[in-house]
Amino acid sequence: MGERSGHPQGSGATDNPGALEIEATVVLGIRITDWPALRAAALAAVEELDFAGIDPAAQRRELLREVAEDPHAALGALLHPDRLVGALPGIEPLGGTLEISTTDDFAPDFAELFPLDAEDGEPGDWSLTPRTACLLHTQLLALADAAYDDLEEHGDDPVTDGDEHDWAVFARLPRRSWVMHRSWRRAMARAYDDLAEDLGLGEWPLPRCPGEELALRLALLDARSLLGSQPQAVADLMGDLPADLYDYDWDGCADELLGVYDLAGQDPDEDSAVRLDNVLAATHPEGWFLPYEEAEERDPARGYRR
């Protein structure tokens, strides 16, 4: 008879008597810099998955919808423990969980994104400074959050006279938009996020359609108001960002960021606010998100934050 092994061989035993079972904890800090690329990879990963149950096709469609709209879901599809471990040789996955959360303290490095000593500018040129970009970015995100909150609370309900105080954002828009539906309101909420993303990438938030121009106008108003009413809160928000002569030049922002693209039938020398009001009045709200002729169209499959 051979020698008895000191290791009992149960149903889950491995053929390798030296195998170890290990619990590994991995904490990753991730910054999404190319949402379209991430979404495309996640969609491809979902297509490779095997679904079981009553209606596998419906399960696949639902997960595809989720990863197409939500970065958290896209990361979940790509970072699932079974998927990660399955790519490693000599390892058998025993199961696991994945938790994804958004850090509250993340903010772009505006000093790096909008350097004051940029070499491509001429002395005396107007510039978007780190502090201006930071405050404008904060107000755009705040307006996006408030718009999504409006949407969750009111859905397709119209804004009506007398209940404007119940709305955070949509009652501030031109009255002809008060009856617009849920999908339109999601597009308006996304306009704030799109402009904030421009700033987060180090780009000037140049509105590419009337809806974005309206969104930026409200953000500039709110930034000016916050600076006047809560200067200490703004100072705390700035932290150690460098100060500059052009900080909080809202008139300069309006001149340089609004009305950039030529509009058919509009006088290019006319005040940008007057031009925008004319466009909004002459265009049905459904057309407010059609890009200006010379503007680059945003990715139509970019999804929504929520």
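We're numbering straight along the sequence, starting at 1. Note that the structure is predicted; figures quoted are calculated from it, not measured.
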Using a side-chain heavy atom cutoff under 4.5 Å and only I, L, V, M, F, W and Y, what cluster partners does Leu290 have? none

Measuring from atom CD of Glu213 to atom CG of Leu195, what distance do you get when rounded to the nearest 0.5 angstrom? 10.0 Å

Determine the minimum heavy-atom distance between Leu199 and Ala133, stating which atoms define it. CD1-O, 3.9 Å

Restricting to pairs with a member in residues 46-60, which pass side-chain hydrogen bond (donor to acceptor under 3.5 Å, both in side chains), not counting sequence neighbours? none

Could you work out, with salt bridge (Lys or Arg N to Asp or Glu O under 4.0 Å) as the rule, every residue matching Asp277, not counting sequence neighbours? Arg217

Is it possible for you to say whether Met188 and Leu151 belong to one hydrophobic cluster, with membership spreading through side-chain heavy-atom contacts below 4.5 Å? no

Given 3.5 Å as the limit, does a donor-acceptor pair link the side chain of Arg176 with the main chain of Leu280, or not? yes

Measure across Ala45 and Ala77 and return the closest heavy-atom pair with its distance rounded to 0.1 Å. CB-O, 4.4 Å

Closest contact, heavy atoms only, Arg275 versus Gly259: NH1-O, 3.2 Å

What closest approach, in Å, do Ala243 and Leu116 show between heavy atoms, and which atom pair accounts for it? O-CD1, 3.7 Å

Close side-chain approach of Leu258 and Leu276, heavy atoms under 4.5 Å: no

Just how far is it from atom OG of Ser177 to atom CD of Glu286, taken to the nearest 0.5 Å? 11.0 Å

Which pair of heavy atoms, one from Leu257 and one from Pro205, lies closest together, and at what distance? CD1-CG, 4.0 Å

Does Leu135 belong to the same Ile/Leu/Val/Met/Phe/Trp/Tyr cluster as Leu221, with side-chain heavy atoms less than 4.5 Å apart forming each link? yes

Evaluate the side-chain proximity of Asp161 to Arg175: yes if any heavy-atom separation is below 4.5 Å, no if none is. yes

Take the angle between the ring planes of Phe114 and Phe110 and call it parallel below 30°, perpendicular above 60°, tilted in between. parallel

Please tell me if the side chains of His137 and Leu113 come closer than 4.5 Å, counting only heavy atoms from C-beta onward. no

Listed by chain and number, what are the side chain to side chain donor-acceptor pair (under 3.5 Å) partners of Gln232, not counting sequence neighbours? Asp236

Within a radius of less than 6.0 Å around CD of Glu112, do more than 12 heavy atoms belonging to other residues, nucleotides or ligands occur? no

Please collect all ring pair (Phe, Tyr, Trp, His ring centres under 6.0 Å) contacts where either partner lies in residues 171-217, sequence neighbours excluded, each pair once. Trp126-Trp204, Trp184-Trp288, Trp184-Phe289

Can you get from Tyr148 to Leu214 by hopping between Ile, Leu, Val, Met, Phe, Trp and Tyr side chains that sit under 4.5 Å apart? no

Contact between Tyr248 and Arg131 at the side-chain level, heavy atoms closer than 4.5 Å - yes or no? yes

Does Leu43 share a hydrophobic cluster with Leu38, counting links as ILVMFWY side-chain heavy atoms below 4.5 Å and allowing steps through other members? no

Verify, without hydrogens or angle tests, whether His154 (side chain) and Asp166 (backbone) share a donor-acceptor contact under 3.5 angstrom. yes

Do Leu78 and Val67 share a hydrophobic cluster (ILVMFWY, side-chain heavy atoms under 4.5 Å, transitive)? no

Tell me whether Glu294 at atom CD has more than 12 heavy atoms from other residues, nucleotides or ligands lying less than 6.0 Å away. yes

I want to check something: taking the side chain as every heavy atom from C-beta on, are Thr138 and Leu226 in contact at a cut-off of under 4.5 Å? no

Going by salt bridge (charged side-chain N to carboxylate O under 4.0 Å, His left out), name the pairs with one or both residues in residues 238-259, residues two or more places apart or in two chains. Arg224-Asp251

pair Arg185-Asp150: side-chain heavy atoms closer than 4.5 Å: no

Any side-chain heavy atom of Leu216 within less than 4.5 Å of one from Leu136? yes

Could you tell me whether the side chain of Val159 reaches within less than 4.5 Å of the side chain of Asp163, counting heavy atoms only? yes

Test salt bridge (charged side-chain N to carboxylate O under 4.0 Å, His left out), reference Asp299, set Arg39, Arg208, Arg190, output is Arg39

Take Arg298 and Glu212 through the test side-chain contact (heavy atoms from CB on, under 4.5 Å) and record every step on the way to the result. CA-CA 11 Å; Arg298 296 192 187 275; Glu212 288 188 10; 2.6 Å; yes

Check whether any side-chain N or O of Ser229 sits under 3.5 Å from a backbone N or O of Ser225 as a donor-acceptor pair, and report yes or no. yes

